[in-house]
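Keep in mind that the numbers below use all heavy atoms, side chains included, and drop hydrogens, waters and symmetry copies.
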Amino acid sequence: MRLSAWSTKLASKQGTDFEGARKTLMDSLGGIPIGRPARPSEVADLVAFLVSPRAASITGTEFVIDGGTVPTV
């Protein structure tokens, strides 16, 4: 479910507007430094890169696509 659908559903449950619900949802996630969750196309871009010859030497790696929510090194 997209963020907008979650926000709309949350807004109706909490009796608030879309932006209020969106802020509540983002805060519950601990905040996302880039201000939004990843888009499906961004995940697809990573997958396309990983299956390309340019990523031939990448093995056993975990990629976190969360907009910086979870600090990783």
How close do A38 and I65 get, heavy atom to heavy atom, and via which atoms?
CB-CG2, 3.4 Å
Sub-3.5 Å donor-acceptor pair from the side chain of S52 to the main-chain atoms of L50, do we have one?
no
Can V64 be reached from V43 by stepping across I, L, V, M, F, W or Y side chains whose heavy atoms are under 4.5 Å apart?
no
